[in-house]
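Numbers here simply count residues along the sequence, with the first being 1. Order of appearance sets the numbers: ligands from 1, and atoms from 1 within every ligand.
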Amino acid sequence: MAELRLVESGVILGLETSCDETAAAVIAGGKVLSSVIRSQVEVHAPYGGVVPELAARAHDAAVGEVVLQAMEVAGVAPSGVEAVAVTSGPGLPSALAVGVSSALGLAVGLQVPLIGVDHMEGHLFAGTLAGPIELPALVLLVSGGHSELIAVDRPGAYRRIAATRDDAAGEAFDKVARLLGLGFPGGPAIERAAAAGNRELVSFPRAVVKEGLDLSFSGLKTAVRRYVEANPAAAVADIAACFQEAAVDTLADRVARAIEAGSYSTLVVGGGAGANLRLRERLAGIASRYGLLAAIPPPALCTDNGAMIAAAGAWRLSEGAPAGYLLDVDPGRSLVR
Ligand code: KG4
Ligand code: ZN
């Protein structure tokens, strides 16, 4: 049976700078030896969202130290690095450029292969850090910039089954958090607030796109805004809990329908919103109801990290990644061509 697993590679350094996390990790022999993540939350918090120019500057300031720390924790000298993998897209152009040029400098200096990794393929490979993924797999990718359902028929063979018509799932959490005055990043803030709320107080609309399995979150966001305007005294915790329930329900419903319409061995979850405990609980329940294996990486591997990029890079290298040092930043890169 076909599967995706963490390749038993040589020493691979993975770099990730596509958004607001400067991350580096070292993997070798099918194990994660280190994973260092420096968050830029404090840089962007005053603006209520990621400011691309500030992100690039903060990556620039942090990337050297983060890479050195990842090698130090792994107990690997620079001369021991056998390949460098880096996110080349999708992401913020100026942020991606910092990672790509740093990786290029390292790879040229060390005379080792340079592998450009798709960030979303990285999120998929985060699943392999917890164990092998039996194929065919259904992957729910829910990050700040993307929300989609992807079928992996064979290693590297992707089909998009559904995408969002408007906001990404993480983006919806971020926007509703801003509306509720909960700050940035919104996902964890909503989840914390929701823990003390009553998720049955209001039933916000579960937006269902009639044709196909596509997602939509803008109607839900508008419904929350209208409710807040009409009920200024309502408790933030309750609204957060009801919004979270509606968003999770929408995702869970689409996943269940996709499973019913296809034939899969494993349900994989990736991307920052995959850190949400309520979503994880619901998806684990669906996987078990339909008899699928669940590959739901721990929350720290759902949000952006370097280990997932090293893992995807190791697999790409094992499949014969292109040689040479011509690597372009590709902000609009897509898993499905
Ligand atoms: O994958 P990620 O770290 O970066 C991107 O590639 O975008 O995802 C970040 C997104 C943000 O929108 C954030 O609010 C959301 O993931 N997120 C969450 C949670 N933790 C992060 N959403 C819901 N619940 C969470 N616990
Ligand atoms: Zn991501």
Side-chain angles (χ1 to χ4, degrees), residues 14-23 25 35 37-41 44-45 48-50 52 55 59 86-92 95-96 99 117-127 139-148 150 164 167-180 182-195 197 199 217 220-221 240-241 243-252 268-283 296-309 311-312 331-335:
L15 248 84
E16 156 61 38
T17 66
S18 69
C19 190
D20 61 343
E21 248 93 38
T22 313
S35 177
I37 301 168
R38 190 165 307 177
S39 162
Q40 301 178 2
V41 164
H44 304 292
V50 178
H59 285 308
V86 61
T87 305
S88 65
L92 302 171
L96 288 166
V117 170
D118 184 300
H119 182 77
M120 303 315 277
E121 191 166 70
H123 276 305
L124 162 64
F125 271 83
V139 192
L140 174 68
L141 290 174
V142 274
S143 70
H146 293 259
S147 283
E148 50 199 14
I150 303 274
T164 180
D167 292 342
E171 190 180 5
F173 274 81
D174 292 334
K175 288 180 174 170
V176 169
R178 203 174 312 156
L179 191 82
L180 297 177
L182 287 173
F184 168 86
I190 294 260
E191 183 164 14
R192 273 194 305 275
R199 63 179 182 231
F217 290 101
L220 170 58
K221 184 186 64 193
F243 159 74
Q244 176 174 272
E245 199 59 14
V248 166
D249 241 7
T250 305
L251 290 166
V268 187
V269 182
N276 186 281
L277 294 184
R278 183 71 182 140
L279 179 62
R280 300 167 68 82
E281 191 176 276
R282 291 287 303 279
L283 294 174
I296 309 180
L301 290 174
C302 285
T303 46
D304 292 348
N305 63 85
M308 70 185 200
I309 302 304
R333 187 172 176 160
S334 168
L335 261 189

Exercise. Please confirm whether His119 comes under 4.0 Å of ligand 1, counting heavy atoms of the residue only.
Key: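 The answer is yes, since His119 has a heavy atom less than 4.0 Å from ligand 1.
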
Quiz item: Is the shortest distance from a heavy atom of Cys19 to ligand 1 less than 4.0 Å?
Solution: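 Outside the 4.0 Å threshold, so no.
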
Between [X] and [Y] (side chain of the first, backbone of the second, donor and acceptor by atom type, cut-off under 3.5 Å), is there such a pair?
X	Y	answer
Asp174	Gly186	yes
Gln40	Ala55	yes
Glu191	Leu277	yes
His123	Cys302	yes
Ser147	Thr164	no
Thr17	Ala95	yes
Arg280	Gly274	yes
Arg278	Gln244	no
His59	Cys19	yes

Which protein heavy atom lies closest to [atom], and at what distance to 0.1 Å?
atom	result
atom 24 (N) of ligand 1	Asn276 ND2, 3.1 Å
atom 22 (N) of ligand 1	Gly187 CA, 3.3 Å
atom 26 (N) of ligand 1	Glu191 OE1, 2.6 Å
atom 2 (P) of ligand 1	Asp304 OD1, 3.3 Å
atom 21 (C) of ligand 1	Gly272 O, 3.3 Å
atom 12 (O) of ligand 1	Asp174 OD2, 2.7 Å

With only distance considered, is [X] within less than 3.5 Å of ligand 1 through an N or O on each side?
X	value
Gly144	yes
His123	yes
Glu21	no

Under 4.0 Å from a heavy atom of [X]: which atoms of ligand 1 are those, numbered in the order shown and with their elements?
X	value
Gly170	12 (O), 14 (O)
Pro188	19 (C), 20 (N), 21 (C), 25 (C)
Thr303	3 (O)
Gly145	7 (O)

Practice problem: Of all N, O or S atoms in Asp304, identify the one at the shortest distance from the Zn ion (ligand 2). | Solution: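 Relative to the Zn ion (ligand 2), the closest nitrogen, oxygen or sulfur of Asp304 carries the name OD1.
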
Exercise. Answer yes or no for His119: is there an N/O/S atom below the 2.8 Å cut-off from the Zn ion (ligand 2)?
Key: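 Yes, within the cut-off.
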
Practice problem: Please confirm if an N, O or S atom belonging to His146, backbone or side chain, lies less than 2.8 Å from the Zn ion (ligand 2). | Solution: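 No - counting backbone and side chain alike, His146 has no N, O or S atom under 2.8 Å.
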
Self-check item: Considering all heavy atoms, the nearest Pro188-Pro185 contact
Solution: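 Here Pro188 and Pro185 meet closest at CD-O, 3.6 Å.
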
Quiz item: Within a strict 4.5 Å, meaning less than it, do heavy atoms of the Phe125 and Asp118 side chains meet?
Solution: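 No, too far: nothing below the 4.5 Å cut-off.
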
